[in-house]
Each structure stands twice: as C-alpha cells, then as structure tokens.
Amino acid sequence: MKTVSIKMKVTLWYTGLFIILLAVLFAVVYITTGKVVRINLEKHLEAEVYESARDVGFQRGSFDLENVNPFDHGVRISVYNDNGVLVGGTVPKNFSNLNFQDQVIQSVKTEQQDWAVFDFHFLPQGSNHQYYWVRGVISRSDSGEIGRQVLVSCALFFPLLALVAGFGGYWITKKSFQPVVKINEAAAKISNGGDLSRRIELKGDVKDEIYELAQTFDNMFKRLESSFDKERQFTSDASHELRTPISVIIAEAEYGLSQQTKTAKMVDSMQNILQQGKKMSQLIANLLLLSRVDNAKERMLFEKVDFSELTKFVQEEMRLEAEKKSIKIETFIEPDLFIKADQTSLMRILINLISNAIKYGKVNGWIKISVYKQERYVVGSIEDNGIGIAMENLPKIWNRFYQVNTARSAGDEHGTGLGLAMVKWMIEYHGGTITVDSKLGRGSTFVFRLPIEPEPCVKQ
C-alpha cells in the first residue's frame, strides 16, 4: 500500500479541520440569521401597528381611517371595534378567525403561508371612550426566503473555501518542507555516489529547526569524510609499504626452491612461504585497487568490446584449471554481443566468477556459462553444481573480507575475501546488477546484467 506523505497528511488534517470549523460557522450564521430576521420582522410588525393606531381618529363624531394604510411595508392592517367587527383595512385571504391578544405576537398557519399577527387594543383620539383593535399581519415567508438565500450562499461558498483552504494549506506545507526535500536529495546523492565531500548547505534567513538539522547533517558528513579519508590513506600507505617486503619474500622463496642442494623439509617450508607470500601479494594488490576505487582514482576506459569473443577467450583460459578437477565447462554464447565497457574489468568479472565456480565445484562436476542479449542488456550466467552457499550467508558474500567455509570468494584463489566485493563493484560501476541463487550442496548460479550502452549516471 502506498504511504501518504507528511505534506499530504498535514494538508488533509488542516483542510479537514478547516471544513469542520467552516461548517460550524455556516450553521451558526444560518441559525443566527433566521433568528435575527424573525426578531426584526416582529419589531417591524409592532412598529407598523402602533403607527396605524396613531393614525386612527374621529372627526366630528365619525370614524376616520383616511390616514391608515391597509398594506404598509408588507404589513396588512385591519381595524376592529371592541366587539370584534371589522370596520376597515385588509385581511389575508383564507385567514382564519383568531382571538385578540393585546400586544402579543401570535403565529397563524394557512395552507400556503405562515403569518405573524400582532394586536393592539387602544382608545382612538376623539372617541367617546370606545376602544378599538388594530391588527397587523405579516408573512414569515420573507424571513424563510432570507434563510434559504443564506443556505444557498453557504452551499456555493463552502466548496470554494474548502478548495482554497486545501490548496493554500498544501502550498504552505510544501514550501515549509522544501528544506527537507533538499536535505533528502543531498543525502541520497551522497549515499548513491559515495561522495562524502557533498554538503547540504541549506541557505535562508530563518534559522529554524530544519536549518539546525541540515547543519547537524553537514557536520556529521564532515566528520565521516575525515574518518574515511584517514582510513583510506592508511590502507593505501600500508599496502605500498608492504609490497616491497612481500616481493622480497616471494623472490627469496623462489630462489631457495631453485637451488639444487635442499632437503624435502626445506622444500616444503619454501613452498608454504611462497604460497603465503603470493596470497599476501594478491591481498595487497586488491587493497591498493580498493583504495584507488574509494579515492575515485581508478579510471576505466569505456570502449566497444565484443563480449562474446571475450567470454570465449576467458573460458578457454580457465579450461585447463577446470580439467585439474575433471570439471566440464559447457557454454552457450550468443555471437556478436558488443557492449560499451572497460575490457579489463569485464575480464576480471568473468575470471573471478569462473574461478570461483571451479574452486568450489565438485570433482567430475560441470560449469555452464551462458551469455545472451536481453532487451538493452547483455546477460551473463555462471552456473555450477558445486558445494553451494547457505541461505543465511547469501546477503553477506558481497561484503569485503567476508569468508565462510561454504561461501564463495570469487576469483580469490588465496582466500582474501575480496573477490565478490570487487565483482559487484565493477558491475555496478558499469550500471549493471548481479544476483545469486544457491542451495547448499547443490550448486550456485550467478547472473549479471550489463547495459549495452551505459546510462549517463554511470561513471566514465
């Protein structure tokens, strides 16, 4: 399952919270708006009724309603005598009879409307102590319409504001995490390229926690670079210093063996010295090569190489060594496989892997060598029916100096434990990969893939 990035998590949390707050706000606005509109409508109704009551009068003993507007600002005004008989004004259609209640807001519902009613019991000017009722009736539909308009406005603006909040939150989060992205990219380049001289060098006026994290990483890389430089320099210096005494030991052992006057015990000792001297010489040569590699001093010459012919040449050279253990070498080599690569490195890869198969192969066993093209790659396979590798040792065989009784040490006839590490490095340097499939007691199969044309990221 694909993991959700921190930026997306923060954005979703921020947007979700904003939507909840926005929903609560709109709900409060909708409810409050309805109440405010209702209160204002009722105040308007009362004001119109009181104003109409002031306009009712008697002129020379007759009832005067000239100044009373029966439909004033949405309010229907009607006047009744004290017996409840209508004497003037207008009443809504299908409006049912309603008992008078002095200065009390009443609600009446008809088939199509919801009405607010306000009655005022008063004594008109000039009347002979005869009280009248002024009734005001107004529709509440206007307040409901305003509420619906508010609801529609909320429905329109709610998604828009949510989108703005989402995009705004993502933009702010993305901008805030840009330094983290830069730290990640720098660390990845250092990890993939092995160049500890790289630094994050985060710039900015704000010295926040992320800036301090970048500074901590830079200081850590600086210390690591210094430590690795000292280690590589020591390895290089020690290897150079050991070459001369080892060469002297080998020369003296060979000279001793060449003499005619020597005992069997002396010959045995000289052969052991010679064998160990050659082993140390091979180890020193590998150490020097690794040192040059780590210091990026090992330069390879990439040129067009006939990998088919190169494989045939190497397997012919290794056939004599295989015959010593009566191991049969079978080949399937697709012709005319040209690849852009360093020829010396390709020979080392083949020699190491084939020597490895011979060394750990069974007497009277077999080795199968296959080379063929697969899309943009040349694929090589070295298979044997030898002692195999235990499952728990497979991940470790690529480590430098790793050795185990049943594991391999490719091309490492003196057992220095650097063979497979060198093979893996040379293949990856060319932009390729190598895998191994093995069962203890049944044999192993090493498969490597090399690009016909190296990618731009491959060192050249």
Side-chain angles (χ1 to χ4, degrees), residues 22-161:
L22 204 60
V24 172
L25 176 62
F26 281 157
V28 171
V29 169
Y30 176 72
I31 295 171
T32 304
T33 300
K35 289 183 177 180
V36 169
V37 171
R38 181 170 180 168
I39 291 171
N40 289 337
L41 181 140
E42 291 176 353
K43 286 183 178 180
H44 172 64
L45 174 61
E46 293 175 7
E48 292 296 327
V49 169
Y50 290 139
E51 184 177 351
S52 297
R54 286 194 301 269
D55 292 338
V56 175
F58 277 88
Q59 295 291 335
R60 297 176 183 179
S62 62
F63 199 67
D64 182 14
L65 295 176
E66 281 188 17
N67 295 327
V68 177
N69 189 349
F71 194 81
D72 191 12
H73 297 96
V75 180
R76 290 172 172 82
I77 301 296
S78 55
V79 182
Y80 300 83
N81 62 22
D82 213 16
N83 296 322
V85 178
L86 178 67
V87 296
T90 180
V91 180
K93 187 177 179 181
N94 299 326
F95 192 81
S96 60
N97 292 328
L98 183 66
N99 293 331
F100 291 100
Q101 293 187 28
D102 188 25
Q103 301 184 66
V104 175
I105 298 291
Q106 301 182 76
S107 295
V108 177
K109 289 186 179 181
T110 62
E111 294 180 358
Q112 298 179 348
Q113 292 282 355
D114 181 13
W115 304 94
V117 180
F118 183 74
D119 298 324
F120 178 48
H121 196 216
F122 73 104
L123 180 66
Q125 294 181 5
S127 70
N128 190 17
H129 302 290
Q130 185 177 359
Y131 279 83
Y132 287 83
W133 290 94
V134 174
R135 168 169 286 178
V137 181
I138 190 170
S139 174
R140 294 187 188 275
S141 300
D142 294 339
S143 62
E145 182 63 28
I146 293 174
R148 283 190 291 273
Q149 290 178 1
V150 172
L151 190 62
V152 171
S153 299
C154 291
L156 291 175
F157 284 103
F158 189 90
L160 179 62
L161 291 175

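- Taking a 6.0 Å sphere around CG of Asn99, one finds it holds 12 or fewer heavy atoms contributed by other residues, nucleotides or ligands.
- The shortest non-hydrogen separation linking Leu86 to Val79 is CD1-O, 3.4 Å.
- Scanning for side chain to side chain donor-acceptor pair (under 3.5 Å) contacts around His44 gives an empty result, with sequence neighbours left out.
- Counting only heavy atoms from C-beta outward, the side chains of Arg76 and Ile138 never approach each other to under 4.5 Å.
- Side-chain contact between Trp133 and Phe120: absent, with no pair of heavy atoms (C-beta onward) separated by less than 4.5 Å.
- Figure legend: Arg135 and Phe118 shown without cation-pi pairing, the cationic atom not lying both under 6.0 angstrom from the six-membered ring centre and within 45 degrees of its axis.
- A donor-acceptor contact shorter than 3.5 Å links the side chain of Asn81 to the backbone of Asn83.
- The minimum heavy-atom distance linking Ile77 with Gly136 is given by the pair CD1-CA, 4.1 Å.
- Ring to ring, Phe122 and Tyr131 are not that close: their centroids are 6.0 angstrom or more apart.
- If you look at Tyr132 and Tyr80, their ring centroids are not closer than 6.0 Å.
- Residues Val75 and Leu45 come closest through the heavy atom pair CG1-CD1, 3.5 Å.
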- Check the pair Asp82 / His121 against side chain to side chain contact (heavy atoms under 4.5 Å, CB included), numbers first and verdict last. CA-CA 9 Å; Asp82 213 16; His121 196 216; 2.9 Å; yes
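- Panel note: side chain Asp119, backbone Asp102; no donor-acceptor pair is recorded below 3.5 Å.
- Using a 4.5 Å heavy-atom threshold, the side chains of Ser139 and Trp115 count as touching.
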